[in-house]
Each structure stands twice: as C-alpha cells, then as structure tokens.
Amino acid sequence: MKTAENLKRSFYEQNRIRYCLFLALTICDGLANLVVSVLLKEITDAATAGSLERIGGMCLRTVEALAVISAMSVALYHVRSSFLRHAVTGYRKRVMVGLLGSWRASEGKSGSGLSSLTNDVSVIEDDYLQGAAQIVSNLFFLAAALCLMLWYSPVLTAASLLLMLLPIIISALFGGKLEKEFQAVSDENAKFVKRIQDILRGFPVIKSFHAQEAALKLYVGHNQSLEQAKYRRNIVDGRINLWSVLGSVTTQFGIFLTGGYLAATGKGITIGVLIVFVSLLGQIAGPIGQLPGLIARRRAAGGLIRKAQETLLAEKREPKGGLAPGSIGTISLKNVSFDYDGHRALEDVSLRFEQGKSYAIVGESGSGKTTLLRLIMACYDQYSGLITYDDVDARAVDMEALVDHISEIQQNVFIFDATIRENVTMFQEFPEEKVSEALEKAGLGELIRHRGEGYLCGEDGCNLSGGEKQRISIARCFLKDASVLLADEATAALDAETSSHIMSEILGMEQMTRIIVSHKMNPGLLGQYDRIIVMKNGKMRETGTFEELMEQKTYFYSLYNVAN
Ligand code: ADP
Ligand code: MG
C-alpha cells in the first residue's frame, strides 16, 4: 500500500483546493436530488390542503431551487474538468520523472511504461479520481436520505437499513476478483504494446525475411489475449452489475412491502409518509446500486497505480554516495567474477586502469568484453570481488554521480528526431566553440555544412547512415568532459578510413583514461594503445603492449594471425 502513496500524491499536488471544491460540489449535486424530493412532498401537501396560495409560493421556491441547482452544475463541470486536467498531467509527469530517474529503465520496460502512461491513466482518471468523488457523494446522499427517512419513520428506516446490507455484501464478495481482472487487462495491454513496438521497429527485417506471416501470428496472439482479458473483466463487471441491480431492487421492494404492511396495520405510517419513502427510495436506488461497482472499480484502479509505482521502484537503485569532484584517477578490478542468471560471463578478472592511459580489450565474441565494460560502468551490483574508483568501492557509488565521470560511446546510438547539433548537445547549453570543436573532431562538421544546420536526423536517426550515427555518439563524448572514455566496438559501423581517423582522435585524448573494446586487429592502431587486454571465455587471458604480446606468440598472436 505504502509504495503507491508517492504516485497518488501527485494527483493532489497544487490541486488540493480544486479537489476539495470538486468533492464539495459533487456532494451538493447529489443532495440537490433530495431537495427535489422535499419540494415534491411540499407541493403534494399544498395540493391536498387545497391552498392555492401555498401552491403559488411553491412555484417561486421551485424556480429558485432550479436556478441554484443549475448554477451548481455549471460550477461542478468546470471544477471537475480543471481538477482532472491538473491531476492527470501531474500523475503522468510523476511517472515519467520516475522512469527517467531510474537507471536504464527503458530496456525491455517500455511496454509497461507505455501502458502506465496511456491506457492505465484513463482508467485511473475515470474509476479512481472521478470514482472517489462519486463514492463520497453517494455516501453523503445516502446519509442525508437516511436522516430524512428517520425523521419520517424510524421503524421503516430500520427495516431499510437491514435490507441495504445486501449491496455492501455484494461489493465485498466481488471487489477482489474485479481488481485481479483489471490487473490482467493492464498486463496484457503492456505486452500488446511491446509487441507492436517490436513489429514496427523490426519492420525492415520482417519484410526482408518475408516474415510477415509470423509477425502477424505473434500480433494476433497478443491481440486475442488482450481482448480475452478484457472479455473476462467485462463478464465479472457485468456480473457485479447484475447482482448490484438485483440487490437494489430487492432492497426497494422489501422496503416498500414493509411500508405497505405498516400502513395497512396502522402502525404510525400514513399514506403521505409512504409517498415520501417511495420518492426517496426511487432516488437512493441509484447510489446504492452503483456503490459496489464504484468501490470495486476504484480498488482495481488503485491496483494500477500501485503497479506503476512498483515498476518504478523496482527499477530505481537506492541512492548512494558520490565521487570526489574532478577526475577518476584509477579504476581497479580485483578477482571480479560475474554471472548472468547462473551463466558465468566473467571469471576472476583482476585489472588496473591508470589515469590517462589507453587500453584495448580484444577477444572473440562472447568472451566477456561488453560485460567487463558494463561492470566498469557499475551497471551491475551482483558480482563477486571488488571494483574501485580511486579506492572508492563501486558498489557505494551512485550511477548518477558516475555518469559525470565516464563517457560511453555506444554500439546502438540513440538519435532523436532533431538536428545533428541538438543530437550532439542533447538539447543542453554548451559554449559554441566547444560544440564546434567536438563536431569537427568527430567528422560531423562537413556533414552539417553539406546538409544544412536545420537538417533533421529522422525517427531513431533514419536519415543518417550507421557511421554518421556513430559519429554523433563520439561527438557527444568529445563534448562531455569526462575523465574516462569507454567504447564498445565503437567504430564497427564505419569504413576503415573514417574508423582509423576517429580512433586516432580518441587515442589522442590523453587527458582521458580510454578503455576501448576493439575487434579490428589493425597493427597500426593496436600499437598505439598503452596496453592490450586479451579476453577468452570470460577470463583475462593475457595482457601487455602490442609488441610484447606479439613476441610472446601465445593466444593474442594466434588471434591476430587469424584476423590478418
Ligand atoms: P563480448 O562483448 O565479448 O562479445 P559479452 O560480454 O557480451 O561478450 O558476453 C559474454 C557472455 O555473456 C556471452 O556468453 C553472452 O551470451 C552472455 N551475455 C551477455 N549479455 C547477457 C545478458 N544480458 N543476459 C545473459 N547473458 C548475457
Ligand atoms: Mg560485445
């Protein structure tokens, strides 16, 4: 329960007054019905008394009451719209802030994130926010109606109370089941959204393998399970509604029959009182019938909020300490081993990276190079052994603090549909000459001059070549003054000439510690590294300068000879 409090609070932040007004007006709106009931009774009384004067007076009262009720309704829909707008915007923002605050949250999580931000929000808006006001208003209305009834006949009211237990029992019986079904719909929706994303993203590859049939089959499967889950929810919802209606009809008839019996046996109930009860009963039937459904749906929507909150919490790492300002001097690994779900990826690796030096990591694919970089980036906690930045335990360092010190050139570069310059600066402010320098060093200056400053990169960079995207990633690193540069097969997508040009630029950044995973066995480049680390089957097989390793004529030597 507690975990959802944080997100729930976002509905009411700077929105409390609107919320109170919304509740108050919804309650008044409900109570207006009672006024109508009392007015009807007064008019009947006037008619039975045969007083034209009283009837005339009631005309005026009725007009006044209608004017007040209409004014209230206008205020209500204004306040409701305004409250909902602020609440939903606040909630969506809080979810996004949570997503952005979590580390690498989007990896494999975009489906549930999307669902939390779209489909679930409308359910929450209707059933949780509006539902709350409806429930409170119904309860107030019932309480007021009960007072009126008590005023007219305590005996009949007592009988009514007993009969009204029925709808409450129904709510208790079905609430949990409905919550589960709502949850199931949300889960299926998340999977469905994820599948659509996969298909749309993988469109070119699906087409080129003629895999439309298979993609369609996957899609149809999820499409069906989503609708199946909705169907089950609707059935449960329908069943609850049926029982609610049956319950309220039973309540009405029961009360009416009891009233009739009391009137017939002359136990203090006049026909006039019975008429008021009939009118009141007609009016409370609605709220009583709605309550179980409203309560059950509100609980179910509360479950969606809880789910969103839990996803965010699960992805968020506990805040930890920072690093001293300035640069990270040395990074060291001592006897580090790491498993992916029981599958060993690194075994007993001990290494020391010194400030300002350049390191190449080489090895066959699957030998653990990427995993090693990820551990240096503190992406994982569950390793054995020790990783330290200047003697600070990596486990105690906050990711947020670390990204200021470490730049990473990614293999899959994310490109926003914005200009090249914006993609490099990531929409942040930098001194103009620094940006130009970074653009030139990464070989993007020419591209911008050629295509124009306003040239847009397209969705996920579709207007750029793989190499150009890579250069944007490299320019981002040039721009960011980090003390460590990590690159994972960074120039894989570039042609030999550009690649060696960029690698020389990177190797020339002597103020940075450079740790580069390289799969190109280019002697000219490998010779420039201060040290080469050779990985094999998750272990560090050997290490040394290019000349030393070539002289040893062991594993690296054979790798090199196979490649060249
Ligand atoms: P390299 O970068 O040298 O090609 P990796 O470090 O990516 O190798 O992978 C090392 C081993 O760990 C491989 O056997 C690979 O299949 C496995 N592996 C890599 N990433 C994951 C992951 N996210 N989940 C499970 N296993 C993984
Ligand atoms: Mg790799």
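Just so you know, ligand 1 is whichever comes first in the structure, and atom 1 is the first atom listed for that ligand.
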Polar atom proximity, S367 to ligand 1 (N or O, under 3.5 Å): yes

Contact (N/O only, under 3.5 Å) between L372 and ligand 1: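 N/O-N/O distance under 3.5 Å: no.
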
Of K93, R94, H86, the residue whose pairing with E13 passes side chain to side chain donor-acceptor pair (under 3.5 Å): R94

Side-chain contact, heavy-atom cut-off 4.5 Å: [X] with [Y]?
| X | Y | answer |
| --- | --- | --- |
| K369 | D488 | no |
| E453 | I448 | yes |
| D120 | Y91 | no |
| K8 | Y128 | yes |

Any G363 heavy atom less than 4.0 Å to ligand 1: no

Candidate with minimal heavy-atom separation from atom 3 (O) of ligand 1, of R344, K369, R374: K369

Hey, which atoms in ligand 1 end up nearer than 4.0 Å to a heavy atom of [X]?
| X | result |
| --- | --- |
| T371 | 5 (P), 6 (O), 9 (O), 10 (C) |
| A345 | 12 (O) |
| S365 | 4 (O) |

Residues E422 and T419: side-chain donor-acceptor under 3.5 angstrom: yes

Check: S518/Y529 side-chain N/O donor and acceptor closer than 3.5 Å: no

Within reach of ligand 1, part of H343 (heavy-atom separation under 4.0 Å):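 Side chain only.
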
Enclosure of E432 CD (heavy-atom neighbours >12, cutoff 6.0 Å): yes

Considering all heavy atoms, the nearest D530-G356 contact: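 Smallest interatomic distance, heavy atoms only, reads OD2-O, 4.4 Å.
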
Heavy atom of the protein closest to [atom] (residue, atom name, distance):
| atom | value |
| --- | --- |
| atom 10 (C) of ligand 1 | G366 O, 3.6 Å |
| atom 8 (O) of ligand 1 | G368 N, 3.3 Å |
| atom 19 (C) of ligand 1 | Y340 CE1, 3.4 Å |
| atom 2 (O) of ligand 1 | T370 OG1, 2.6 Å |

Contact check: T371 to the Mg ion (ligand 2), N/O/S below 2.8 Å: no

